[in-house]
Every structure is written in C-alpha cells, then in structure tokens.
Amino acid sequence: MFRRLTQQVSDAFLPHPPAVTGVAVSGGGDSVALLHLMHGFCTLHGTKVRAVTVNHGLRPEAETEAQSVADFCERHGIAHDTLHWSGWDGIGNLQNEARKARYGLIAGWAKQHEISTVALGHTADDQAETLLMRLARRAGVDGLSGMAPRMTRHSVIWVRPLLRAGRTDLRDYLLHQNIKWIDDPSNEDPSFERVRTREALKVLEPLGIDAQGLAQVAGQMAEARKALNWQCFLVARDIVSIDAGAVVIEERQLRVQPDEIQRRLIVQALSWISGEEYPARRSAVSAMMSAMRKGQAGTADGCQLRRVGGEIWIFREYKPVSAITTPLQVLWDGRWELTNEDTAQDFVGLHVGVLGDHGLAQCPNWRQTGRPHPVLLSTPAVWRGDELVAAPLAGYGQNWHAEVDGGAESFYGALLSH
C-alpha cells in the first residue's frame, strides 16, 4: 500500500524533478505525510526539498503546530520557514481569505528562494469534499472537475501529488513510520462548510458515494473539461482575433457554436482582459450572452461586450482603468507594455495612463485604425503631466508601441490551460 504513495509522488514529478521543491506543511497528517514522502523522493533523486508553514494567527495552537513542523524538519535536515499572516479584517469568508493569503505568502516565499514548484497535501478526501461543495453551488463541468493535479498561480507551479490517496492511507503511513502529527481542531467545527460536507460524506457512504468514487468522478469530469477546452481552442483559432488588447469574435460564426463553447470563449476573454484570478460568475456571463443575442451591450468583471458590425468586441471598460497610472517600465493595468524604439526620445517625466475622451480628442487619425471609439477610450497612452505624448493604438505618436504582455498567443494558450 505504501509503495502506491511513493509511486504517486514519482508520477507527479518524474522524469524531470525540480532542483528544489517547496512543500506546504501545516502540521496535520496529510501535509506531514507529504513532506516525509517528498523528503525520501528528493533524497533518492538528488534534489532538495524546502518546507514552509503559514501561521494565520487565528488560533492559539497555531504557534505550537508551526513549531512541531520546524522540529520535524530539523530532525530530518530539511530547511523550513514559517510565514505569518495578519491580514484578516473580519470581512468576507474566513477560510477563503485565509486560503488566498496562504497562496500569496507561499508564492512570495517561493520566489524569494528561487523555487518554481510547490507541493500541496490535498487528498482524495479533499477532492471529494470539494466536488460535493461545488455540486451544492450548481457548478458546471469546470467546477465538478475538482482540484487540478497541477496548476500555475502567482507564477508558481502548484502540484498535488496525493489526490489519489485517501486520508486514512496517509495516517496509516505515518503510524507505520512512527511519525506524529497534529490534528487541527477547526476540522471538527461544524460552522465551516467543509466540515459539514465531510459529515455528509459519511451519510452517503452506504449508498456507494464515497471519497474515492467522487474523486474518480472529478477525474472524469476533468477529462471532459480538457475536451471542451480543446474544442474551444480550435474554434477560437478560426473565429477570434486580438486587436488593441480586445477579443474580437465573428458574430455569425459564434452563433452557430454550441452554447457551452460560446460561454467558454466569453469567459476566457473576460479573464484574459481583466486579469481576474477567478472566472466571471456564471450569472454575469449568462446576462452578457443574453444581451449579446439581443444586439445589446453587456458588462462583467470590468469588461464590456459590444456588437460592432458583424463582430463581437470584448474589451476593457473605461472606469476600472481610469485612475491607473504607472511608470513606463511597469505593466499598465497588469498587461500593457509601452515602448519606444527611438533612443533619443526624452523619457523624463513620462507615465502611462488611460487614453480617455480627453486623449482621444487629440488623436486626429483614430478612425483610420478601424477600432471602435469605446475600445480606444480604455487603451493605454503615454502622458507627460496632462500633455498627451503618444497613443499608439489610436494612431498617435511615432515610434511608440503598445503590446499586451505575452502577446495575442497568450489568449489562445490560456484556452488550453484554463
């Protein structure tokens, strides 16, 4: 049985394991088992492991749990760091906020130590609980695909090597190795949705609906998701173009696609343009699609959809970017890079801001670009104080160029990685 656990770790990282793999460890059974397995794997393959613990400061026991991980690491010669979070302001969902903070803190830690890949201790039980919670929210194929074995977030690769392992299997492994762990008391608190879901799973088990079965269903849904993404990618190559950072879709060709392919194209367009970490809400996308079919404009996630001639344009709304200003060397709106090939250009005092009505009025040739007025309003421009220096996408300012970070290919590529 334990050989299956080591094989799962090998499957996740071979044939090219990272030189250094980070492991997120809370002190609980799942993450401690993962750390021990990763330590053995890295020792065998001549690579290194470095552990990290996030102390959210929400429970008095957290300090003791972090110290227990530090002690374990010291005994095994593993480098370990404890990170502290103090960002909880009492607003929103505590578990969600803590999870987002955890990813952000660990990502910063990973970059600091030049670690490209971090392993997480999620199990088949976690996958089953996630599936049930998303089912309760009426999730579609993407949501019911569960947690991905591998994903990229904050420019870090996150790997879940134990998604096929049961929670009980890992505790049996720790007992066999004579390794102690600490159970988080919040795992018994019914005020948390995941705890209630865990209890519901016990009721469902006599019906044959257990953690392993649900994890298998999530895997099958993930395969269906891949097929849909691939089809969406092929369609996009035929009917989608990128212009001025906007996603432009041939309306007639879009309308003949199945509703789910239409929805996926629009969702990906919104995500790519807005840079939001999570996709737009299904209700917002449905409202946007309904407006589109009536020939009306729609908005979602700081983006706007408009029908222009025989094309559907999805682009950045003006308001979300109206107050953003950045130095030339910083990506504007997190996606735009403005450059000038003239080395004699005076760059002193220049900054990037939104073009807007005031700037567009100073671009006499903007109509020659063929780009709709609302699209150009939210594009980047180079300013010196209140003076417009260049608006490359509106045909104003020689030698200046505005490019989306990653180029148009980043949109098509995201359709497959989504």
Side-chain angles (χ1 to χ4, degrees), residues 1-13 21-44 49 51-55 59 61-62 64-76 78 80 95 99 102 118-133 146-147 149 159-190 192-206 209-216 218-219:
M1 179 183 71
F2 301 145
R3 183 176 296 178
R4 288 201 301 270
L5 296 177
T6 57
Q7 185 61 50
Q8 288 176 34
V9 171
S10 296
D11 290 345
F13 292 100
T21 303
V23 182
V25 191
S26 66
D30 300 341
S31 60
V32 170
L34 173 64
L35 178 58
H36 191 264
L37 288 163
M38 287 300 304
H39 177 55
F41 171 83
C42 291
T43 300
L44 178 64
V49 63
V52 61
T53 302
V54 177
N55 181 351
R59 298 179 292 105
E61 305 91 348
T64 300
E65 293 163 4
Q67 187 59 49
S68 73
V69 178
D71 293 343
F72 177 91
C73 290
E74 185 176 2
R75 290 194 299 271
H76 290 81
I78 301 171
H80 172 262
Q95 286 196 323
R99 181 171 58 251
R102 189 159 57 246
V118 175
L120 304 172
H122 296 120
T123 66
D125 297 80
D126 295 310
Q127 186 73 291
E129 292 158 11
T130 297
L131 185 68
L132 274 187
M133 288 190 294
M147 296 180 288
V159 182
R160 299 181 174 103
L162 299 177
L163 278 181
R164 291 177 288 153
R167 195 171 287 140
T168 300
D169 296 335
L170 295 180
R171 278 149 181 75
D172 288 343
Y173 171 81
L174 291 175
L175 290 171
H176 182 76
Q177 299 288 340
N178 196 29
I179 297 173
K180 296 180 179 179
W181 70 92
I182 299 177
D183 286 319
D184 182 346
S186 66
N187 288 331
E188 305 298 327
D189 186 349
F192 292 119
E193 180 188 16
R194 186 170 289 275
V195 175
R196 298 194 301 273
T197 303
R198 193 169 298 158
E199 292 302 310
L201 262 174
K202 296 176 183 177
V203 177
L204 294 172
E205 283 182 5
I209 304 174
D210 58 12
Q212 288 295 338
L214 287 172
Q216 184 177 351

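Please read all numbers here as calculations on a predicted model, not as lab measurements.
Applying the ring-ring contact (aromatic ring centres under 6.0 Å, His included) test to His122 and every residue at least two apart in sequence or in another chain returns nothing. Taking Thr53 as the reference, His80 meet the side-chain hydrogen bond (donor to acceptor under 3.5 Å, both in side chains) condition, with sequence neighbours excluded. With sequence neighbours left out, the side-chain hydrogen bond (donor to acceptor under 3.5 Å, both in side chains) criterion links Gln7 to Asp11. Listed by chain and residue number, Ala70, Asp71 satisfy the side-chain contact (heavy atoms from CB on, under 4.5 Å) test with Gln67 (two or more places apart in sequence, or in another chain). Contacts of Asp30 classified as side-chain hydrogen bond (donor to acceptor under 3.5 Å, both in side chains), with partners at least two apart in sequence or in another chain: Arg171. Partners of Gln216 by side-chain hydrogen bond (donor to acceptor under 3.5 Å, both in side chains), not counting sequence neighbours: none found. Partners of Leu174 by side-chain contact (heavy atoms from CB on, under 4.5 Å), not counting sequence neighbours, listed by chain and number: Val32, Ala33, Ile179, Trp181. Partners of Ala211 under the side-chain contact (heavy atoms from CB on, under 4.5 Å) rule, at least two apart in sequence or in another chain, are Asp125, Ala128. With sequence neighbours left out, the salt bridge (Lys or Arg N to Asp or Glu O under 4.0 Å) criterion links Glu188 to no other residue. The salt bridge (Lys or Arg N to Asp or Glu O under 4.0 Å) check on Arg194 picks up Glu129, with sequence neighbours excluded. For Ile182, the side-chain contact (heavy atoms from CB on, under 4.5 Å) partners are Glu65, Ser68, not counting sequence neighbours. Glu61 meets the salt bridge (Lys or Arg N to Asp or Glu O under 4.0 Å) test with Arg59; sequence neighbours excluded.
Taking the side chain as every heavy atom from C-beta outward, His36 and Phe72 approach each other to under 4.5 Å. Between Leu5 and Leu170 the shortest side-chain heavy-atom distance falls below 4.5 Å. Counting heavy atoms from C-beta on, the side chains of Cys73 and Leu35 come closer than 4.5 Å. Side-chain contact between Val159 and Val118 is absent, with no heavy-atom pair separated by less than 4.5 Å. Using a 4.5 Å heavy-atom threshold, the side chains of Leu204 and Asp210 count as separate.
Nearest heavy-atom pair across Ala165 and Thr123 is O-CB, 3.3 Å. In this structure, Ala51 and Val25 approach most closely via the heavy-atom pair CB-CG2, 4.1 Å.
Note: Cys42 SG to Ile78 CD1 = 9.0 Å, rounded to the nearest 0.5 Å. Rounding to the nearest 0.5 Å gives a distance of 10.5 Å between CG of Leu175 and OG1 of Thr168. The CG atom of Leu132 sits 8.0 Å away from atom CD1 of Ile209, with the distance rounded to the nearest 0.5 Å.
Ring orientation note: the planes of Phe2 and Tyr173 are nearly perpendicular, at an angle over 60° on the 30°/60° scale. Using bins of under 30°, 30° to 60° and over 60° for the plane-to-plane angle, the ring pair His39/His76 lands in the perpendicular bin.
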As a quick check of understanding, evaluate side chain to side chain contact (heavy atoms under 4.5 Å, CB included) for Phe41 and Leu37, giving each step before the final call. CA-CA 6 Å; Phe41 171 83; Leu37 288 163; over 6 Å; no
I'd like to know whether Arg167 forms a side chain to side chain contact (heavy atoms under 4.5 Å, CB included) with Arg198, so could you lay out the CA-CA distance, the side-chain angles of the two residues, the decisive distance to 0.1 Å, and finally the verdict. CA-CA 12 Å; Arg167 195 171 287 140; Arg198 193 169 298 158; 3.5 Å; yes
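In the displayed structure, Glu205 atom CD is contacted under 6.0 Å by more than 12 heavy atoms of other residues, nucleotides or ligands.
Between Glu193 and Arg196 there is no salt bridge, since no side-chain N of the basic residue sits under 4.0 Å from a carboxylate O of the acidic one.
Not one N or O on the side chain of Gln127 forms a donor-acceptor pair closer than 3.5 Å with the backbone of Leu214.
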